[in-house]
Amino acid sequence: MQILHVEGLTKYFGGLAAVAGVDLQVEKGEILGLIGPNGAGKTTLFNLISGTYAPNAGKIFFDGTKISGMKPNAICRKGLVRTFQSCRVFPEMTVFQNVLLGALFGAPETKTWHQAAAETKEILDFVGLSEFSDTRAGSLTLANQKRVELARALATKPRLLLLDEMMAGLNPTEVGEAMELVTQIREKGITIVMIEHVMKAIMNICNRIIVLHRGQIIAEGTPAEVSTDKTVIEVYLGE
Amino acid sequence: MKIKANYKKYVIPVIAILVLVLLIALPYFAERSDSRYTIVLFKTILMFTILTLSWALFSGPTGYTSLATAAFYGVGLYTAGVLGRVLPLPVMVLCGGLASFLLAVIIGGITLRLRGIYFAIFTLSSVELIKHVLHWYEITIAGGRGRPVVRVPDTTVFYVLLGILVLLIITSYLLKRSKYGLALSSIGSCEEAAAHIGVNVVTLKVFTFALSSFFMGLAGAIMATGMVYIDCFIAFDLNYSFFPTLMAIFGGMGNIVGPIIGAVVFTYLREILITEFPYVYMFIFGTVMILTIIYLPNGLIGLAESIRRKLLGGKHADTTCRRVN
Amino acid sequence: MISFINILLNGLLLGGIYAITAVGLSLQYGVARILNIAHGEFIMFSAFITWMLHTTLGINPLLCLAVAGPLMFVLGYLIQKFLYKTLKDKTPSPAAFEGSSMLLAFGLLFVIQNIAVFIWGNNIEGYTFMAYSVYLGDIRLSANRLVILVLAVLICALFYLFLTRTRPGKAIRAASQDPEAAGLMGVEINRMLALCFALGALMAGFAGVLISLAYQLQTTMGMQYTIIAIIVVVLGGLGSIPGSLIGGFLLGIFGSIVSGIEPGLTMAAYYLLFMVLLLVKPSGIFGR
């Protein structure tokens, strides 16, 4: 059962194709890893799927509905949400307010303040941030800020979650905790696509990996298949 | 802890109601002491307070520095010049507000892509564009320079302004407390992230911008009736864009009280300077402005806060309450 | 045909003024990230100094280039050193600095304008200088405007050479392109910023002197020139001197065409052009 279907997706920046004719399917319930050297077009792909940019060509279907051309806020309310590579919490708001915003505005159905607050509490418990509920988000450590962003995304009740380098900059313990969290999120029935450079995380928790290079998919398969693929090794070592 | 929290909760509403009662009684006393100037002064103070608070309604949380205040205020003034003879006062004032609301929807709608100083200079230019086009229209097509306005007694103007201000304070308060208030702050914090967690940034920005302009238009329409004659250079004076911005910064934009205090203190200061030092008032004014921006980035409210913290000598403000408990 | 050439020539004459009005602002915003709304006040101040020196002491206005220009340079240097630097040190982010520095410039605008009104009053002033015509074939041109054009282009060219060929000029350009790297290479950023702001004021000073040669002066005219400068900068691209020159000429020709059709709408047309440009291509028509 497909949750996301992308065909012929293309985006140019000043004559240069950052994403060139990408076809992509995401199955319900899987964790899909997206890897590739810097500048391969991974984040641009996320930007296109989440509605930050409109594509120059190609179509995106989410759960059977065409979402290419829709605004980010509308895509979010359909149940597709993303996090950012450089962490973007609202620094001067409390952790609670950050997550509450997601619950109030991002979910498909409109909620009362009361319901949203109750859900926010639940989610903060789930990601382990309860003790920081009233702390200014900007004063947290990077690892915790990333959790806030994740919690905020979860509060929108997504069915598909796009994680952009969630583990970058974290120490090994924190990476372990983050991996644990991602697995738990999948167990809740949320499909995940993640861009990641931390290979340990990708190899351990992804069901399937797609390798992007110069805006095109050059390999696809299980972690074991991809790690022994010749083209992939060439691309990585050739850098 | 609880005692203090409860007592604090009532301080501001009680002060607000006291001030309101005093203001309602003001014309009565002013008439008895036969000082027309008092009412005129308070009219100006109320007008700038409305402009400043409505400016802060949009620009405060979102961080978009709008310099189009003069356009919305001017449209209100001009509505009074055009419709003042035809319509009864309340309807005419409402029309002023609605005209500004519509203009703000247009300006807001086309400036969505502009950020930072580009938004500021675009809104500034919109004032000048309207002024010059209208001036040209008045001279070449309408065949005059400006328009006479039907005068309304100062006391009536005063009460209408007071009513608008009360309405504006209530609106600001409700908006700030609602989920949309939180969403507006998230736009100021990071617009892209706000959009990606479901906030409809376009509609929210344009609507709030228009709402704030509605109040500016109301103020303009009623203020016009205090003048004998208006033309586009009086109506679209850029100072109406600069002063509210400055007053809000001067007072501090974190809450509703800041812009109000900023506007009241600043306008009073300005009136005194104009009457006492008419030749150097802009000099003093500019100096205060420069010093405010450099040394009081959080305004008077921020200053009061830091003084309070210093007086308490690093001790936490709650120590006394803990003893009570 | 003659009228077409006339419009074109008038546009060029006007364009010279516009260009020199803009180069200083362009430099200040391009390098120091200060949108100096008070730029026109420097122009006005310098124009009035020229007017005063000429009408009271009989000094040739062209000599005033050497007086008013350096004076504005010093003023600009001091303002950057004492006001903007303090503000920059206190502001948390570059984006916040852009906003607050613009508001600070509004304060400067009030102060400078008030000083000028205090000294010179609020009347329209002016003097006559080289008020005769020269003929280019059939076309009549006023001599003083021709002098303005020649001097404006000359000053812009010298300024361009200064920025591209000399050490301090290159340092400024380096600082504008990559402040961090320039700092590592031993460029003293704070001195560069002060120098750059001062140079912007110097150009405003020159512009003021040139404007006083042929145009009416009023102590409240600053804002008008600031707006024109901003329009030209947006037209020509930020921080580019040749861009300002071309932008100035384009605006001059545009202005003289509109004046030919409906003089009352010239300023309105400028604003409209500016707003459309901001919406369509904020990086300038020559920007990338």
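Labels below follow one simple rule: chain letters A, B, ... track the order of the sequence lines, proteins then strands, and each chain is numbered from 1. Excluded from the calculations below are hydrogen atoms, water molecules and symmetry mates; all remaining heavy atoms, backbone and side chain alike, are included.
- With a 6.0 Å radius and a threshold of 12 heavy atoms from other residues, nucleotides or ligands, B:Tyr137 has its OH atom at or below the threshold.
- For B:Ser126, the parts sitting under 4.5 Å from any heavy atom of chain C are the backbone and the side chain alike.
- Looking only at distances, a side-chain donor or acceptor of C:Ser101 sits under 3.5 Å from a matching main-chain atom of C:Phe97.
- Contacts between residues 275-286 of chain B and chain C, defined by a heavy-atom separation under 4.5 Å, are made by B:Tyr279, B:Val280, B:Tyr281, B:Met282, B:Phe283, B:Gly286.
- Contact annotation for B:Ile121: both backbone and side-chain heavy atoms come within less than 4.5 Å of a heavy atom of chain C.
- Contacts of C:Phe106 with chain B are made by both backbone and side-chain atoms, with heavy-atom separations under 4.5 Å.
- In terms of heavy-atom pairs under 4.5 angstrom with chain B, the leader among C:Leu83, C:Val117, C:Leu35 is C:Leu83.
- Counted by atom type alone, B:Tyr64 and B:Lys205 present one or more donor-acceptor pairs between their side chains at under 3.5 Å.
- In this structure, a donor-acceptor pair under 3.5 Å is present between the side chains of C:Tyr270 and C:Tyr18.
- Looking at C:Leu108, both its backbone and its side chain come within 4.5 Å of chain B, counting heavy atoms on both sides.
- In this structure, the ring of C:Tyr271 has its center less than 6.0 angstrom from the ring center of B:His132.
- Relative ring orientation between C:Phe73 and C:Tyr77 is described as parallel, the plane-to-plane angle staying below 30° on a 0-90° scale split at 30° and 60°.
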Listing, residues 246-270 of chain B side-chain donor-acceptor contacts under 3.5 Å, not counting sequence neighbours, or none:
from     : atom 1 : to       : atom 2 : distance (Å)
B:Asn255 : OD1    : B:Val257 : N      : 3.3
B:Asn255 : OD1    : B:Gly258 : N      : 2.9
B:Thr267 : OG1    : B:Ala263 : O      : 2.5

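- Residue C:Met102 touches chain B through its side chain alone, counting heavy-atom pairs closer than 4.5 Å.
- For B:Phe122, the parts lying near chain C are the backbone and the side chain together; criterion is any non-hydrogen pair under 4.5 Å.
- Residues B:Tyr73 and B:Trp55 place their aromatic rings such that the two centres sit no closer than 6.0 Å.
- Considering only heavy-atom pairs separated by less than 4.5 Å from chain C, the leading option among B:Val288, B:Ile294, B:Thr245, B:Thr287 is B:Ile294.
- Not a single donor-acceptor pair under 3.5 Å links the side chain of B:Asp237 to the backbone N or O of B:Tyr240.
- Looking at B:Leu238, only its side chain comes within 4.5 Å of chain C, counting heavy atoms on both sides.
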Query raised in the report: Where do B:Phe72 and B:Phe209 land on the ring-ring contact (aromatic ring centres under 6.0 Å, His included) test, with the steps shown first?
Result: CA-CA 11 Å; B:Phe72 304 126; B:Phe209 187 53; 5.5 Å; yes
